[in-house]
Amino acid sequence: MRVMVMVKATPGSERGDMPTEELFREMGEFNEALAKAGILLAGEGLKPSSQGARVRFSGRDRTVSDGPFAETKELVAGFWLWQVKSLEEAVEWVKRCPNPTGEESVIEIRPLFEAADFGAELTPELQAQEERLRAKAAANASKAAR
């Protein structure tokens with residue numbers, strides 16, 4: 001199963017506080033362990049919400065709001081995508097993670113939908129389209145990494 005592991009924002013991450021050298025080292029070692037175990041699919045830190053925007057949908061209308069956004073506890077400061085056997089395995093890995101912000105923080109784990117979760121509504125044609133999009137996204141990610 002694939003899961004998204006989200007590091008929730010903190011006042012420090014929203015200020016743009018940078019991790020210490022020690023935390024960079026610890027997180028690098030943790031990420032290397034994830035990669036070596038074959039779990040790590042992707043992972044990134046996010047800039048503060050003050051550098052972002054939101055688009056609110058209401059029917060056909062779109063409203064854009066620039067950051068920063070209130071309710072820091074509802075924001076995400078970073079994420080990983082992992083391939084694990086179970087939610088319990090993901091929890092065990094998160095328990096091994098260094099404190100990602102250096103202050104009181106929360107990490108949330110959420111399973112991703114898989115094709116089988118959608119039933120008959122995801123027709124063979126739509127499944128093929130999804131597979132083409134995933135292949136193109138992987139190629140784009142590979143190009144961007146260069």
Side-chain angles (χ1 to χ4, degrees), residues 1-57 62-119 121-122 124-146:
M1 85 185 296
R2 291 177 304 146
V3 295
M4 177 172 267
V5 180
M6 296 171 279
V7 177
K8 302 300 269 210
T10 63
S13 69
E14 278 297 288
R15 281 191 306 270
D17 294 355
M18 289 291 118
T20 64
E21 181 180 338
E22 179 182 1
L23 183 53
F24 269 123
R25 187 176 295 108
E26 289 174 357
M27 291 303 290
E29 290 170 2
F30 179 70
N31 288 332
E32 284 182 4
L34 291 168
K36 185 176 180 182
I39 290 170
L40 182 64
L41 301 177
E44 300 291 340
L46 301 175
K47 291 186 176 184
S49 69
S50 62
Q51 297 182 41
R54 283 186 176 160
V55 179
R56 185 170 310 280
F57 291 72
R62 308 296 186 262
T63 305
V64 177
S65 301
D66 293 328
F69 308 119
E71 298 299 325
T72 298
K73 65 184 179 191
E74 295 178 8
L75 300 173
V76 176
F79 71 93
W80 290 278
L81 287 177
W82 293 350
Q83 178 72 47
V84 292
K85 294 179 185 83
S86 65
L87 183 61
E88 293 75 20
E89 180 184 15
V91 168
E92 289 305 313
W93 275 99
V94 169
K95 287 165 57 176
R96 293 174 48 189
C97 182
N99 181 341
T101 65
E103 56 189 304
E104 188 169 321
S105 57
V106 173
I107 294 180
E108 181 178 336
I109 306 166
R110 302 266 301 275
L112 276 64
F113 280 109
E114 301 293 345
D117 296 323
F118 292 103
E121 287 79 4
L122 188 63
E125 294 82 17
L126 292 172
Q127 285 183 22
Q129 178 188 38
E130 181 69 20
E131 289 170 15
R132 286 191 308 273
L133 290 171
R134 285 183 190 274
K136 181 64 176 167
N140 290 345
S142 178
K143 270 196 260 181
R146 292 183 207 151

**Request:** Please confirm whether the backbone N or O of Ala115 pairs with a side-chain atom of Gln127, one donor and one acceptor, at under 3.5 Å?
**Result:** no

**Prompt:** Looking only at heavy atoms, which two atoms of Thr10 and Glu104 are closest? And how far apart?
**Reply:** CG2-O, 3.6 Å

**Fill in**
For Glu103 and Pro11 the tightest heavy-atom approach is OE1-CD, 3.9 Å

**Request:** May I ask you to check whether over 12 heavy atoms, not counting those of Arg56, lie within 6.0 Å of atom CZ?
**Result:** no

**Fill in**
Nearest heavy-atom contact between Pro48 and Ser13 is CG-O, 3.5 Å

**Asked** To the nearest 0.5 Å, what is the distance between CD1 (Ile109) and CD (Glu88)?
**Response** 10.0 Å

**Item:** Shortest non-hydrogen separation from Leu112 to Val3 and the atoms involved
**Value:** CD1-C, 3.4 Å

**Message:** Looking at Ser86 and Glu89, would you say the former's side chain and the latter's main chain have a donor-acceptor pair under 3.5 Å?
**Reply:** yes

**Fill in**
Value for NZ (Lys8) from CG (Leu75), rounded to nearest 0.5 Å, stands at 8.0 Å

**Prompt:** Distance from Met6 atom CE to Glu108 atom CD, nearest 0.5 Å?
**Reply:** 4.0 Å

**Item:** Pro111 versus Met1, closest heavy-atom pair with distance
**Value:** CB-CE, 3.6 Å

Counting only pairs under 3.5 Å, give me each side-chain donor-acceptor contact of residues 21-43, with atom names and distances, residues two or more places apart or in other chains.
residue: Glu21; atom: OE2; partner: Arg25; partner atom: NH2; Å: 2.7
residue: Asn31; atom: OD1; partner: Trp80; partner atom: NE1; Å: 2.8
residue: Asn31; atom: ND2; partner: Met27; partner atom: O; Å: 3.3

**Message:** Given 3.5 Å as the limit, does a donor-acceptor pair link the side chain of Ser49 with the main chain of Phe69, or not?
**Reply:** yes

**Asked** Can you name the residues that form a side chain to side chain donor-acceptor pair (under 3.5 Å) with Glu114, not counting sequence neighbours?
**Response** Arg2

**Message:** So that I can tick it off, tell me whether Arg134 and Glu131 are bridged by a salt bridge, with the cut-off set at under 4.0 angstrom between side-chain N and carboxylate O.
**Reply:** no

